[in-house]
Amino acid sequence: GRAGRRGKDDRGIVIQMLDEKMEPAVAKGILYGQPDSLYSSYHVSYNMLLNMLRVEGADPEFLVRSSFHQYQQEQGAPALEAQADELAK
């Protein structure tokens with residue numbers, strides 16, 4: 001899971017529960033190793049949007065803008081723009 005709130009906290013607190021069976025090197029690897037990549041599996045469907053349009057006060061655009069999937073796409077945009085610029089040369 002996430003230790004902290006995306007876009008609000010620059011760091012979070014993690015409490016790691018250790019078992020006597022865990023080797024110290026494994027525990028150290030969990031704490032100081034590279035994190036696993038997270039990829040959003042959230043995808044907006046037509047049904048979801050139509051259902052939201054039926055709910056009074058619901059904002060489908062806000063739902064999409066505030067999703068982790070959208071955040072990931074926006075983070076990757078500068079690299080894609082740079083790649084497009086390179087290909088255009």
Side-chain angles (χ1 to χ4, degrees):
R2 180 175 179 78
R5 298 165 295 172
R6 177 176 45 87
K8 295 187 181 218
D9 299 325
D10 60 348
R11 59 185 142 157
I13 297 172
V14 174
I15 299 173
Q16 182 179 12
M17 303 296 288
L18 297 177
D19 190 326
E20 302 89 31
K21 300 173 193 163
M22 184 180 287
E23 296 290 327
V26 173
K28 185 177 180 180
I30 291 171
L31 285 174
Y32 299 111
Q34 291 295 316
D36 293 335
S37 296
L38 294 176
Y39 298 101
S40 175
S41 60
Y42 175 79
H43 297 285
V44 178
S45 68
Y46 292 113
N47 253 358
M48 185 185 300
L49 289 174
L50 289 174
N51 285 333
M52 284 195 73
L53 290 172
R54 292 184 349 189
V55 175
E56 189 175 331
D59 184 4
E61 192 174 324
F62 175 76
L63 174 74
V64 172
R65 278 195 325 262
S66 61
S67 72
F68 182 59
H69 178 75
Q70 183 65 26
Y71 172 78
Q72 285 181 312
Q73 298 305 311
E74 288 174 5
Q75 293 300 309
L80 289 175
E81 289 173 355
Q83 186 179 8
D85 290 343
E86 285 296 318
L87 291 173
K89 289 183 183 179

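Count residues from 1 along the sequence. From a predicted model like this one, the values you see are computed outputs, not experimental measurements.
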J.: Salt bridge (charged side-chain N to carboxylate O under 4.0 Å, His left out): which pairs involve residues 45-59, sequence neighbours left out?
T.: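 Found none.
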J.: How close do Ala58 and Met52 get, heavy atom to heavy atom, and via which atoms?
T.: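 Here Ala58 and Met52 meet closest at CB-O, 3.3 Å.
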J.: Listing request: all ring-ring contact (aromatic ring centres under 6.0 Å, His included) pairs with a residue in residues 69-89, at least two apart in sequence or in separate chains.
T.: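 Non-adjacent pairs meeting ring-ring contact (aromatic ring centres under 6.0 Å, His included): His43-His69.
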J.: With side chain to side chain donor-acceptor pair (under 3.5 Å) as the test, pick out the partner of Gln70 among Gln72, Gln73, Glu74.
T.: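 Looking at Gln72, Gln73, Glu74, the match for Gln70 under the side chain to side chain donor-acceptor pair (under 3.5 Å) is Glu74.
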